[in-house]
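Naming: A, B, ... by sequence-line order, numbering from 1 per chain.
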Amino acid sequence: MPELPEVETIRQDMIKKVKGKKIAKVEIRNGKNIRIISPQEFERRLKGKIIKDIKRRGKYLILPLDPPDFLIFHLKLTGRLLFSPAGAKEPDYVRIVFTFTDNTRLFFADIRGFADIYLLTQNEMETVPIIKNLGPEPLSPEFTLDKFKQRLKDKKGKIKPLLMNQSVIAGIGNIYSQESLHRAGIHPERNVSKLTDREIEAIYRSLLEVLQEAIKYRGSSVDAYLDLDGKEGKYVPHLRVYGREGKSCLRCGSPIKKKKIAGRGTYFCSKCQK
DNA sequence: CAATCGTCCTGCGGGC
DNA sequence: TGCCCGCAGGACGATT
């Protein structure tokens with residue numbers, strides 16, 4: 001499941017391999033991921049367009065094309081973007097093939113088919129709530145400790161689902177919310193309104209730390225995530241709680257527990273996360 | 001009104 | 001061993 005670090009890894013690789021290329025052909029084998037417009041219109045509007053840049057907002061990958069269009073991907077659980085040199089073997093689960101004028105190709109693949117693809121104009125970007133409603137970027141310079149405190153102020157409910165709420169902070173999902181809470185020593189079910197300033201600061205620091213570290217290791221290949229070259233991320237061995245049920249906590253040695261919190265599988269240490 | 005549920009979908013794991 | 005059931009999950013809309 002691609003979260004901020006995985007999407008950022010894809011973005012950085014796409015800058016090197018896809019930026020500036022012109023779309024010669026769009027082959028849609030399964031158009032179910034294309035939102036709002038028809039596959040026919042999607043194909044028509046993309047043909048001949050140049051990918052001007054690769055940007056990211058939360059878990060969304062945003063490709064500005066020739067104005068006014070933006071091609072937007074949300075990979076959800078099992079979406080993949082895979083780049084192939086001319087003539088290279090095709091990956092599995094391909095749904096859309098973008099062929100560039102130099103005969104290199106970008107494959108959109110998706111196993112479970114939850115990923116979203118949008119083609120929006122500049123105007124639509126500003127009005128459609130998809131990206132407009134996202135909270136701040138955790139790795140931007142504007143995301144200070146004060147900003148984080150302000151985002152949590154007057155909120156109630158458990159801290160973990162709140163960290164995953166995209167309108168509170170953008171880009172955090174099931175893996176990194178758990179990892180940052182473990183690092184901070186905070187139980188995922190703690191009520192936000194009862195966290196001390198000191199605890200909020202610990203979560204803030206842990207969150208930035210874990211995101212930066214995960215980007216450095218090119219993300220976590222949990223579930224189906226693969227990078228632009230079809231390779232796995234290298235962060236899984238560095239995960240401290242996620243997927244470690246029954247194993248001993250790396251901070252205190254107690255067995256890691258797993259519990260469903262707000263409908264999502266959550267790993268934590270009940271001894272050192274209070 | 002905040003929290004939970006259902007929905008989309010398919011690979012895979014547990015259980016017998 | 002092999003089959004089958006049901007779980008997993010991001011985000012949104014419906015429901016309680």
Side-chain angles (χ1 to χ4, degrees), chain A residues 1-8 10 28-36 39 56-62 72-81 91-96 108-118 120 124-125 127-135 137-138 151-180 188-195 211 214 219-226 230 232-233 236 239 241-247 256-268:
Chain A
M1 26 181 166
E3 300 179 29
L4 188 155
E6 290 76 27
V7 181
E8 179 60 22
I10 295 173
I28 301 167
R29 297 188 194 156
N30 182 338
K32 281 185 183 153
N33 304 79
I34 301 165
R35 309 297 169 215
I36 306 172
R56 182 189 57 74
R57 183 77 175 87
K59 303 178 196 173
Y60 288 91
L61 199 64
I62 303 174
I72 300 165
F73 294 91
H74 190 307
L75 300 174
K76 292 280 179 84
L77 303 175
T78 56
R80 289 172 179 160
L81 283 167
D92 295 330
Y93 310 109
V94 170
R95 293 175 176 234
I96 303 175
F108 166 73
D110 194 1
I111 301 168
R112 265 169 275 183
F114 291 176
D116 300 317
I117 305 176
Y118 300 89
L120 301 178
E124 286 166 339
M125 286 262 283
T127 52
V128 177
I130 306 159
I131 288 167
K132 200 185 72 171
N133 291 348
L134 289 175
E137 278 299 317
R151 298 301 294 172
L152 298 182
K153 198 170 166 260
D154 302 327
K155 297 280 194 307
K156 12 185 172 174
K158 297 164 183 174
I159 180 65
K160 194 233 174 185
L162 216 76
L163 289 178
M164 289 176 67
N165 184 333
Q166 301 303 298
S167 63
V168 176
I169 318 163
I172 314 302
N174 205 31
I175 299 172
Y176 300 107
S177 57
Q178 299 176 48
E179 288 300 310
S180 46
E189 293 184 289
R190 280 286 298 283
N191 194 305
V192 183
S193 59
K194 288 174 185 159
L195 291 172
L211 292 175
S220 307
S221 283
V222 164
D223 211 336
Y225 170 71
L226 294 177
E232 294 191 348
V236 169
L239 293 172
V241 269
Y242 187 88
R244 299 191 68 250
E245 185 184 13
K247 294 181 181 170
I256 298 294
K257 292 183 177 174
K258 186 182 184 185
K259 184 182 180 185
K260 235 183 184 112
I261 298 173
R264 295 286 168 258
T266 307
Y267 302 88
F268 61 98

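- Using a 4.0 Å heavy-atom distance criterion, A:D223 is classed as making no nucleic acid contact.
- Residue contacts for A:L77: at a heavy-atom cut-off of 4.0 Å it reaches a base atom on one of the strands shown.
- The separation between A:R95 atom CZ and B:dT10 atom P is 7 Å, rounded to whole Å.
- Of all heavy-atom pairs spanning A:G79 and A:A115, the tightest one is CA-CB, 4.4 Å.
- Of the listed nucleotides (B:dT10, B:dA2, C:dG9), B:dT10 has the atom at the smallest distance from the side chain of A:I111.
- Contact check on A:R57 versus A:E137 returns a salt bridge, with a Lys/Arg side-chain nitrogen under 4.0 Å from an Asp/Glu carboxylate oxygen.
- You'll find the side chain of A:L120 reaches within 4.5 Å of the side chain of A:I130, heavy atoms only.
- The minimum heavy-atom distance linking A:N191 with A:K156 is given by the pair OD1-CA, 4.1 Å.
- Not one side-chain nitrogen or oxygen of A:Q166 sits closer than 4.0 Å to the OP1 or OP2 atom of C:dG10.
- Within the 4.0 angstrom heavy-atom criterion, only backbone atoms of the sugar-phosphate kind lie near A:K260; the bases stay farther away.
- Closest contact between the side chain of A:N174 and the listed nucleotides B:dC9, B:dA2, C:dG9 involves C:dG9.
- Put simply, A:H74 has no side-chain N or O that comes within less than 4.0 Å of OP1 or OP2 on C:dG10.
- Across the protein-nucleic acid pair, A:M164 atom CE and C:dA8 atom C1' stand 12 Å apart, rounded to whole Å.
- Across the interface with DNA chain B, nearest-nucleotide mapping of A:A262 and A:R112 shows A:A262 to be the residue nearer the 5′ end.
- Residue A:R264 places a side-chain atom within donor-acceptor reach of the base of C:dG10, judged by atom type and a 3.5 Å distance cut-off alone.
- Rounded to whole angstrom, the span from the CG atom of A:D110 across to the P atom of B:dC8 amounts to 16 Å.
- In this structure, the CD atom of A:Q178 is 13 Å from the C1' atom of C:dA8, given to the nearest Å.
- Rounded to whole Å, the distance from CD1 on A:I172 to P on C:dA11 is 11 Å.
- Here B:dC1 presents its C1' atom at 8 Å from NZ of A:K156, a figure rounded to the nearest Å.
- Between A:D154 atom CG and B:dC1 atom P there is a gap of 16 Å when expressed in whole angstrom units.
- Relative orientation of the A:Y60 and A:Y118 rings is tilted, given thresholds of 30° and 60° on the angle between their planes.
- Note on A:G157: only backbone sugar-phosphate atoms sit closer than 4.0 angstrom, heavy atoms only; bases stay farther off.
- We find that CZ of A:F114 is positioned 12 Å from C1' of C:dC7, with the value rounded to whole Å.
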